[in-house]
Amino acid sequence: MDLNFSPEDLAFQAEVRAFLKAELSPALADKVRHNKTLTKEDMVGWHATLNKRGWLAQDWPKQYGGADWTPVQQQIFDDEASAAGAPRIIPFGLKMLAPVLMKFGSEAQKAHYLPRILDGTDWWCQGYSEPGAGSDLASLKTRAVRDGDHYVINGQKTWTTLGQYADMIFCLVRTGTEGKPQEGISFILVDMKSPGITVRPIILLEGTHEVNEVFFDNVRVPAENLVGEENKGWTYAKYLLTHERTNIAGVGASKAALAEVKRIAKAETVRGVPLADDPYFAARVAQVEMELDALSTTNLRVLSSPDAAASAGSISSMLKIKGTEIRQSINDLARRAIGPYAMPFVSEALEEGYNGEPVGPEYALGVAPDYFNNRKITIFGGSNEIQRGIISKMVMGL
Amino acid sequence: MDFTHTEERQLFKDSVARVIADTYTLDARNKAAETDLGFSAEKWAQFAKLGAIGALFSEEDGGFGGAPFDVTVLFEELGRGLVNEPFLATAILGGGLIAELGNAEQKAVIEEIIAGTKQLAFAHGEPKSRYDASHVETTAKKSGDGWVLNGAKAVVLNGSAADTLIVSARSSGAAWDEDGLSLFLVPADAAGVARHSYPSIDGLHAAEVRLDNVAVGADALLGAEGKAWPAIEKVIARANLALASEAIGAMEVARDMTIEYLKTRKQFGVVIGKFQALQHRMATVLLEIEQARSSVINAAGRFDGSRVEREMAVSSAKTLAGKIGRLVAEEAIQMHGGIAMTWEYAVGHFAKRLVMIDHMFGDVDYHVARYVALSKEAA
Ligand SMILES: Cc1cc2nc3c(=O)[nH]c(=O)nc-3n(C[C@H](O)[C@H](O)[C@H](O)COP(=O)(O)OP(=O)(O)OC[C@H]3O[C@@H](n4cnc5c(N)ncnc54)[C@H](O)[C@@H]3O)c2cc1C
Ligand SMILES: Cc1cc2nc3c(=O)[nH]c(=O)nc-3n(C[C@H](O)[C@H](O)[C@H](O)COP(=O)(O)OP(=O)(O)OC[C@H]3O[C@@H](n4cnc5c(N)ncnc54)[C@H](O)[C@@H]3O)c2cc1C
């Protein structure tokens with residue numbers, strides 16, 4: 001046992017810090033820290049900055065242009081980047097699709113799509129969920145029918161995150177109706193500019209446009225866009241869902257969010273005494289901090305364990321449950337910390353270039369919207385109920 | 001003991017419930033929230049005609065109720081409809097302070113409040129006061145016969161629609177002394193009053209108010225100079241009783257919508273209500289709401305007792321409303337899944353209101369600490 005970073009890790013940490021200091025603009029960091037709205041340019045720009053340094057695809061192998069970092073290096077980067085206020089990496093192309101293509105894609109697909117993910121040519125979105133197929137993803141109904149050298153797709157996807165910006169969507173579609181529902185699903189790549197695709201915004205409860213409905217009306221997709229074999233899509237989809245483990249606990253982001261809560265609690269005062277010194281509030285913060293500290297170690301412990309690969313599914317379930325629940329408890333601390341200023345909802349003030357009259361302290365503006373928005377994290381990517389179900393089955397054999 | 005309402009009160013409750021169910025829509029409410037007024041003038045007039053505003057005032061003051069159980073009955077129904085008309089700001093806070101402290105001339109305005117033709121706001125909280133109700137840094141300086149007010153007020157509910165602001169200000173004492181507080185009736189358009197209004201995340205309206213050498217006459221003083229604290233405390237207690245009741249109405253709707261959804265949404269070939277992981281949590285939601293209701297009954301029942309008795313019961317009700325309101329809000333969203341995250345689906349709006357109730361006049365931690373302090377006084 002040794003909880004210390006190796007000299008190499010420490011050197012890496014210094015390198016990351018220097019990079020962030022040089023490359024992350026204070027204006028962008030301020031937006032991230034205060035939960036302001038990031039523009040597409042902000043997100044794409046940060047990807048480009050990382051890509052220039054070779055640090056965008058952190059867990060990809062070197063042969064595809066990745067950094068091939070160890071779990072510890074990824075954690076170091078995540079901690080440092082989050083603390084500095086860097087935007088999160090948009091996962092759809094980099095962390096979801098890419099591993100599937102590397103494992104199951106054709107050589108042509110790898111050669112075409114992977115470089116375009118890196119250089120930002122293609123913004124990807126994820127077309128899994130449908131109105132009737134949420135937790136029960138395998139019940140999806142969007143149909144793809146072979147017609148010569150094309151598939152013709154009809155149906156609807158929903159909850160498509162940032163689909164309004166996307167160039168491409170990777171979809172699960174039904175190509176077969178024989179056997180179990182899982183057996184007739186295929187994984188296909190679709191150009192969002194294809195005729196027959198309509199994207200409609202869904203406004204979330206805190207007023208933001210983050211997700212969409214995507215309708216397919218006789219959309220023709222070249223057959224070469226099928227990934228792997230027809231009717232084997234479920235295997236690829238499950239691989240995708242369990243592959244993304246290193247960042248699933250969101251430890252870095254939670255540490256940064258907790259640090260922000262502490263900054264707020266120092267600035268807020270009750271009868272001249274900082275809220276941070278209020279015993280009720282301090283006890284709440286302490287308990288979350290203890291949990292987060294433990295999760296940070298749990299994360300590295302399970303990711304570096306030799307049998308991590310074998311139990312990939314249950315590990316990601318575990319990290320997802322704890323990571324999201326701790327994150328939500330930090331959102332809850334933040335809303336408590338700002339007191340009555342949780343109520344004002346000046347959504348324009350979260351947009352770039354706002355120069356209207358301020359309402360309350362700047363740190364308060366995005367807190368309540370983020371609290372409500374982050375209710376999503378225990379719902380999407382397999383709800384926490386589904387994750388607990390996976391642990392019950394896979395680990396305990398119940 | 002008797003846990004039933006009087007027949008008259010029950011009839012009133014039913015009539016308010018009917019009007020809300022038949023004519024009040026969430027969509028119209030949310031649209032009204034985005035206007036400068038922040039609510040529907042038409043609905044306010046309709047509630048006035050129904051006698052809903054008058055129910056919050058005693059007969060002596062020209063109303064037809066005013067008892068603690070009138071407050072709970074009405075606000076529970078308002079919570080059910082997610083009503084954003086300014087009952088709290090205009091009637092409970094503004095009207096309540098005038099009823100407590102006003103002289104005959106000042107009380108004349110209560111008739112207009114009841115008729116729905118006068119809007120008030122209690123400009124009390126300040127940028128640094130958080131939930132501390134005696135923390136007032138706004139100053140009142142004697143000037144000739146009248147007063148000059150200076151200071152800043154934060155998150156003033158109904159601040160934009162109000163015709164008159166009831167401003168708390170200090171003529172003596174340190175920033176959070178209970179002694180030295182006075183209340184002033186200030187026309188919202190008085191010289192030196194600047195209001196910046198905005199919507200709240202739960203569909204209400206509030207304003208930041210600046211008072212820059214605002215000159216008012218001697219007749220603006222409400223009650224005795226420097227002696228407003230007991231009335232402020234009592235009216236805030238009434239506001240908290242109202243909010244805890246409103247929370248119950250909102251919780252019950254969120255609960256019922258969730259139960260209905262569990263019975264209809266199918267995944268894995270069955271309705272999701274078949275999953276015990278959800279059943280037990282829904283059972284918890286159900287029984288916790290009953291606890292919240294009992295604590296509101298306690299608070300209303302003890303409201304006219306001693307000060308300590310009243311304040312402890314109110315802090316208790318507001319604590320449970322805050323805690324259980326959050327539970328219900330979070331569980332309703334979680335058990336619905338993605339659909340509850342949308343603007344279009346109603347349950348999210350109930351969830352936002354429930355969580356924000358914890359941010360009005362003291363959150364859970366504030367009321368727990370206050371309860372502890374009051375228990376020491378009681379002992
Ligand atoms: C903001 C947001 C962004 C999203 N982004 C994307 C995206 O980019 N791409 C995409 O494809 N999808 C996306 N999703 C969809 C997300 O994956 C689904 O919402 C999720 O799978 C849950 O499905 P559902 O919403 O239909 O809820 P349901 O499956 O209907 O679940 C409702 C409730 O029942 C529970 N439940 C269901 N089955 C069981 C069971 N067997 N045991 C116990 N409890 C159960 C659930 O946990 C939940 O509490 C997003 C969702 C949100 C809210
Ligand atoms: C101190 C004590 C005093 C008692 N006194 C009396 C008495 O006076 N008279 C009398 O008749 N009995 C009495 N009991 C017995 C008691 O009623 C039983 O223990 C109880 O019914 C549970 O049965 P069990 O112990 O066989 O556990 P089991 O029924 O085997 O349950 C084991 C676990 O499984 C859970 N479980 C079982 N079924 C379900 C389900 N459908 N869904 C979810 N979870 C489930 C249980 O909650 C429990 O956690 C007493 C027990 C104790 C411990």
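Just so we're on the same page: letters track the sequence lines, and every chain starts at 1.
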Is it the backbone or the side chain of [X] that comes under 4.5 Å from a heavy atom of chain B, or both, or neither?
X      : answer
A:I377 : neither
A:P279 : neither
A:A337 : backbone
A:I203 : both
A:L275 : side chain
A:A133 : backbone

Interface moiety of [X] toward chain A, non-hydrogen atoms closer than 4.5 Å:
X      : answer
B:A340 : backbone
B:I272 : neither
B:A175 : neither
B:A369 : both
B:V368 : both
B:M360 : side chain

Write down the atom of [X], the atom of [Y], and the distance for their closest heavy-atom approach.
X      : Y      : answer
B:F39  : B:A161 : CE2-CB, 3.7 Å
B:I201 : A:P369 : CD1-N, 3.7 Å
B:L93  : B:A239 : CD2-CB, 3.8 Å
A:P340 : B:V155 : O-CG2, 3.9 Å
B:F122 : B:I166 : CD1-O, 3.4 Å
A:V367 : A:I264 : CG2-CD1, 4.4 Å

Partners passing ring-ring contact (aromatic ring centres under 6.0 Å, His included) against B:F361 (at least two apart in sequence or in another chain): none
Straight-line distance of B:L88 CG to B:L204 CG, nearest 0.5 Å: 9.0 Å
Verdict with supporting geometry, B:V271 and B:L262, side chain to side chain contact (heavy atoms under 4.5 Å, CB included): CA-CA 6 Å; B:V271 292; B:L262 293 182; over 6 Å; no
Criterion side chain to side chain contact (heavy atoms under 4.5 Å, CB included) on A:F170 and A:L240, from CA distance to verdict: CA-CA 11 Å; A:F170 55 91; A:L240 180 165; 3.7 Å; yes
Among the listed options B:G338, B:G337, B:G125, B:A277, the residue most often paired with chain A at heavy-atom distances under 4.5 Å: B:G338
Pair A:L365-A:F345, side chain to side chain contact (heavy atoms under 4.5 Å, CB included): steps then yes or no: CA-CA 7 Å; A:L365 286 172; A:F345 184 48; over 6 Å; no
Interface residue of largest heavy-atom contact number with chain B, from A:I338, A:V346, A:V359, under 4.5 Å: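 Maximum pair count with chain B is reached by A:V359.
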With B:A247 via side-chain contact (heavy atoms from CB on, under 4.5 Å) - residues at least two apart: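 B:A247 satisfies side-chain contact (heavy atoms from CB on, under 4.5 Å) with B:M251, B:A321, B:L354, B:I357 once adjacent residues are dropped.
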Pair B:D179-B:W229, side chain to side chain contact (heavy atoms under 4.5 Å, CB included): steps then yes or no: CA-CA 7 Å; B:D179 223 33; B:W229 173 249; over 6 Å; no
Inter-chain donor/acceptor N,O pairs below 3.5 Å: chain B to chain A:
unit_1, atom_1, unit_2, atom_2, d
B:R130, NH1, A:E268, OE1, 2.8
B:R130, NH1, A:A337, O, 2.4
B:R130, NH2, A:R336, O, 3.1
B:D132, OD1, A:R271, NH2, 3.1
B:D132, OD2, A:R271, NE, 2.4
B:D132, OD2, A:R271, NH2, 3.4
B:S134, OG, A:R271, NH2, 3.1
B:P199, O, A:F345, N, 2.9
B:I201, N, A:M343, O, 2.8
B:E208, OE1, A:Y341, OH, 2.6
B:R265, NH1, A:P131, O, 2.9
B:R265, NH2, A:P131, O, 3.3
B:Q267, OE1, A:G134, N, 3.0
B:Q267, OE1, A:S135, N, 3.0
B:Q267, OE1, A:D136, N, 2.7
B:Q267, NE2, A:G132, O, 2.8
B:F268, N, A:D136, OD2, 2.9
B:R281, NH1, A:E385, OE2, 2.8
B:R281, NH2, A:E385, OE2, 2.9
B:R326, NH1, A:D332, OD2, 3.4
B:E330, OE2, A:Y371, OH, 2.5
B:E330, OE2, A:R375, NH1, 3.2
B:Q334, OE1, A:T378, OG1, 2.6
B:Q334, NE2, A:T378, O, 2.9
B:Q334, NE2, A:E385, OE1, 3.0
B:Q334, NE2, A:E385, OE2, 3.4
B:M341, O, A:L205, N, 2.7
B:W343, N, A:I203, O, 2.8
B:K352, NZ, A:L205, O, 2.6
B:D358, OD2, A:R335, NH1, 3.0
B:H359, ND1, A:G339, O, 2.9
B:H359, NE2, A:R335, NH1, 3.0
B:D365, OD1, A:R284, NE, 3.1
B:D365, OD1, A:R284, NH2, 2.6
B:D365, OD2, A:R284, NE, 2.9

